[in-house]
Engineer: 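Below you will find the structure I want to go over with you.
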Amino acid sequence: MANNDMKKKICITELKVLKVLGRGAMGTVLLVVRDGFQDHPFALKVIRKNRNDQQWLNKSRGIERERDILSSLHHPFLPSLMGEVETDTMAGWAVEYCSGGDLHHLRQTQPDRSFSESAIRFYAAEVILALEHLHSKGIVYRDLKPENILLQSSGHIMLTDFDLSKRLLPPSNESHPAPLQHHSIQQRGSLPDSSKMPSCNAKNSCSTTQISSALNQNGILRSNSFVGTDEYVAPEIINGKGHGFCVDWWSLGILLYEMLYGKTPFKGLNKKETFSRILFMRPKLTGPSTPLHDLIVRLLEKEPVKRLGFINGAHDVKRHAFFAGLYWESIHLVCRPPVVPDMITSYNYCTDNMLTSNVETFVHAAHSVPVNGSECEENDLTSDSEADEIF
C-alpha cells in the first residue's frame, strides 16, 4: 500500500454514482462525483471484499500492488492516485476520469477502422513515453492494448488498468528519462477543493523483496507470471521462460499493427491457435515497405534479445526512422491531437434507476448490470498464475 503521507481517504457517503465505466476480474470502475462538485467527475475503481474467499486473498495482493504503482506515478500520460476508500465490504481508489473513451472505440469510428500514419505516430509516441516512465521505475506494464489507452479531454492519451503490472528492477539505461514539464501535471491527480492529495514522491527503484521473480543467468530480474490478453501476449510469456520489460515492446508492435490494419496479426480461431501463431508465424504486412512496417517487424521479433528495445529500452525505439523529426519533449504540448473528444457527448451521464448516492450498495448490485448494454466479456489471462498446458 502507498505510504500514509501519499494517500487521502475519501468519505464514501459524499460520493454519487453516475454510471459504470467498466467491469473486470479485479473489480468495477464507476464514474462518481462528490456532493457539491458535480462538474468534477472522477473514476473510482472498487473491489468487493470476501474474506472467506481464497480469490479475495489473491485480489488483495493485486490491490496493494496497483495502489503502490499508482501512488508512484507522476506523468502526463499516466494516472495519479487521487485518494482511497475502504469499508468492511469494499476497497477502492480514485483516479482521473478520461472523457474521450478508449483507443479501441476511436479506431472503430475511423475509415476502414484504421488510423493514418500521422495519427499512429502521435499515439505511439505518447505510449512510448508512458512506458519509458514506467520502466524507469522498474514497472513492467504487461497489458498494453487499445482498450487500456484512454483519451483525456485534451485528446492526449492515458494508460490505465495496472492489474497485471509488476515491479522489477529498473533497467539502468532507463533509470532517469528526460522529464516532461507541463503546468497541468501539478493540477492533475487531486480531488476538488479540500481533498487534494499531498504530492507523491516518485520512486526510482524497488527492492527485490517486493517481487516474487527470479534472476536469470545474466543476473536480470524477470517474472515468470503468465499474464496478458491473448492476442497481445509475447512469445516468452507463452513459453514460460520468464520475461522482462521487453514484453511491453512486443505489445507495442501488436498495437501498431492493429492501428494500421484494423486487426491484430496473430488472432486464431481459439486461444491455442492464437498462441501457436504468436510463436511461429510472421506478421503479414501488405503494401509498399515503409518505416512503420520496419518498426512493426523489429518490435515483433520472437526472441526478446533481438527485439527492438531490448538493449536500450525506449531510447532505441524512439530513435527509429518512423519517428524521425519528432520533438519528443514537446508532444504533451500539442494542442490539437488527431482527435479531441466532444465534451458534450463525453459527459453524457447515465440516469437509470440503479444510480444511487450509496456507492457501497451500488457496487454489490452492479455485477448484474450490463456494461454498455451487454455483459462484459473477459479475455484476459489469469493474473499471476502458472501457464496452462496449451500444446
Side-chain angles (χ1 to χ4, degrees), residues 103-104 120 123-135 138-149 159 161-166 168 171 173-174 213 216 220-261 263-268 271 273-285 292-320 322-323 379-381 383 387 390:
L103 207 60
H104 171 72
I120 293 174
Y123 291 126
E126 295 199 334
V127 168
I128 290 168
L129 290 173
L131 291 177
E132 180 181 36
H133 188 75
L134 289 173
H135 292 183
I139 300 167
V140 56
Y141 184 44
R142 303 200 298 186
D143 201 18
L144 182 64
K145 56 184 178 181
E147 293 85 349
N148 284 346
I149 302 172
L159 294 191
D161 201 345
F162 294 85
D163 287 353
L164 304 183
S165 300
K166 194 166 190 175
L168 305 177
N173 55 289
E174 291 191 39
S213 303
N216 66 9
I220 300 174
L221 202 58
R222 301 169 69 84
S223 172
N224 292 301
S225 302
F226 192 73
V227 296
T229 301
D230 292 0
E231 297 167 52
Y232 284 79
V233 171
E236 57 266 36
I237 293 180
I238 298 174
N239 285 328
K241 297 180 179 179
H243 59 271
F245 298 96
C246 230
V247 298
D248 286 339
W249 302 126
W250 169 275
S251 296
L252 176 64
I254 302 289
L255 175 68
L256 293 176
Y257 188 101
E258 184 173 1
M259 287 196 290
L260 179 61
Y261 293 111
K263 60 182 180 180
T264 55
F266 304 118
K267 184 176 182 179
K271 181 182 294 188
E273 184 178 347
T274 297
F275 287 175
S276 178
R277 290 183 175 190
I278 290 172
L279 290 174
F280 305 113
M281 195 176 88
R282 303 286 297 177
K284 296 179 180 179
L285 302 171
L292 177 55
H293 286 180
D294 180 73
L295 176 59
I296 291 172
V297 169
R298 296 183 66 183
L299 289 171
L300 295 183
E301 171 58 54
K302 310 292 187 186
E303 292 294 332
V305 295
K306 298 179 181 179
R307 192 175 304 153
L308 184 67
F310 177 80
I311 298 177
N312 294 309
H315 180 70
D316 284 347
V317 181
K318 290 160 69 174
R319 292 181 60 187
H320 190 273
F322 180 63
F323 299 109
N379 295 317
D380 291 351
L381 304 177
S383 174
I390 58 175

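Computed from a predicted structure; not experimentally measured.
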Engineer: Please find the pair of heavy atoms, one from V233 and one from W250, that lie closest to each other, and give the distance.
Structural biologist: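 Here V233 and W250 meet closest at O-NE1, 3.2 Å.
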Engineer: Could you pull out the closest heavy-atom pair between G244 and V140, with the gap in Å?
Structural biologist: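 That closest heavy-atom pairing would be O-CG2, 3.7 Å.
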Engineer: Can you check side chain to side chain contact (heavy atoms under 4.5 Å, CB included) on K284 and Y257, steps first, answer last?
Structural biologist: CA-CA 10 Å; K284 296 179 180 179; Y257 188 101; 4.3 Å; yes
Engineer: Hey, could you give me the CG/CG distance between N148 and D143, rounded to the nearest 0.5 Å?
Structural biologist: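 Separation between the atoms: 4.5 Å.
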Engineer: Do the non-hydrogen side-chain atoms of I128 and F323 ever get within less than 4.5 Å of each other?
Structural biologist: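 The answer is yes, as the side chains (C-beta and beyond) meet within the 4.5 Å cut-off.
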Engineer: Could you give the distance from CD1 (I254) to NZ (K145), rounded to the nearest 0.5 Å?
Structural biologist: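 Taking CD1 in I254 and NZ in K145, the distance rounds to 13.5 Å.
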Engineer: My understanding is that only residues two or more places apart in sequence, or in another chain, count here; which of them pass side-chain hydrogen bond (donor to acceptor under 3.5 Å, both in side chains) with S165?
Structural biologist: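 Per chain and number, S165 pairs via side-chain hydrogen bond (donor to acceptor under 3.5 Å, both in side chains) with no residue.
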Engineer: Looking at every heavy atom in both E273 and R277, which two are closest together, and how far apart are they?
Structural biologist: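 Shortest heavy-atom separation between E273 and R277 comes out as OE2-NH2, 2.8 Å.
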Engineer: Where do C246 and R307 come nearest, in terms of heavy atoms and distance?
Structural biologist: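 Nearest pair, atom of C246 first, then R307: O-NH1, 3.0 Å.
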Engineer: State the CG-CG distance between L144 and D161, to the nearest 0.5 angstrom.
Structural biologist: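 That separation rounds to 11.5 Å.
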Engineer: Start with the C-alpha distance between E147 and L103, add both sets of side-chain angles, then the distance that settles side chain to side chain contact (heavy atoms under 4.5 Å, CB included), and finish with yes or no.
Structural biologist: CA-CA 6 Å; E147 293 85 349; L103 207 60; over 6 Å; no
Engineer: How many angstroms lie between CG in L299 and CD1 in I296, if you round to the nearest 0.5 Å?
Structural biologist: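 Going from CG on L299 over to CD1 on I296, the span is 8.0 Å.
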Engineer: According to side chain to side chain donor-acceptor pair (under 3.5 Å), does anything in residues 292-304 pair up with another residue at least two apart or in another chain? List the pairs.
Structural biologist: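 Sorted result for residues 292-304: Y261-H293, D294-H320.
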Engineer: Assess, by modelled atom type and distance only, whether the side chains of T274 and K267 contain a donor and an acceptor separated by less than 3.5 Å.
Structural biologist: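 No, no side-chain donor-acceptor contact under 3.5 Å.
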Engineer: What distance separates I149 CD1 from L255 CG, expressed to the nearest 0.5 Å?
Structural biologist: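 Interatomic distance, I149 CD1 to L255 CG, rounded to 0.5 Å: 4.5 Å.
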Engineer: Which atom pair, heavy atoms only, marks the closest approach of F275 to D230?
Structural biologist: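 It is CE2-O, 3.7 Å.
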Engineer: Going by heavy atoms in the side chains, are L279 and F266 under 4.5 Å from each other?
Structural biologist: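 Side chain of L279 against side chain of F266, heavy atoms only: no contact under 4.5 Å found.
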Engineer: Just verifying a value: how many Å separate R142 CZ and T229 OG1, rounded to the nearest 0.5 Å?
Structural biologist: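 Reported value, rounded in 0.5 Å steps: 12.0 Å.
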Engineer: Which heavy atom in P265 sits nearest to a heavy atom in M281, and how many Å separate them?
Structural biologist: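 Minimum heavy-atom contact is O-CE, 3.3 Å.
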Engineer: Which residues satisfy the side-chain hydrogen bond (donor to acceptor under 3.5 Å, both in side chains) test with Y232, sequence neighbours excluded?
Structural biologist: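 So Y232 forms a side-chain hydrogen bond (donor to acceptor under 3.5 Å, both in side chains) with E258.
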Engineer: Pick out which of D248, L164, V127 makes a side chain to side chain contact (heavy atoms under 4.5 Å, CB included) with Y141.
Structural biologist: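 Output: one option passes, namely D248.
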Engineer: Do NZ/NE/NH1/NH2 and the carboxylate oxygens of E132 and K318 come within less than 4.0 Å?
Structural biologist: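 Looking at E132 and K318, the cut-off is met.
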Engineer: Are any of the side-chain heavy atoms of I120 and F322 separated by less than 4.5 Å?
Structural biologist: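 They are in side-chain contact.
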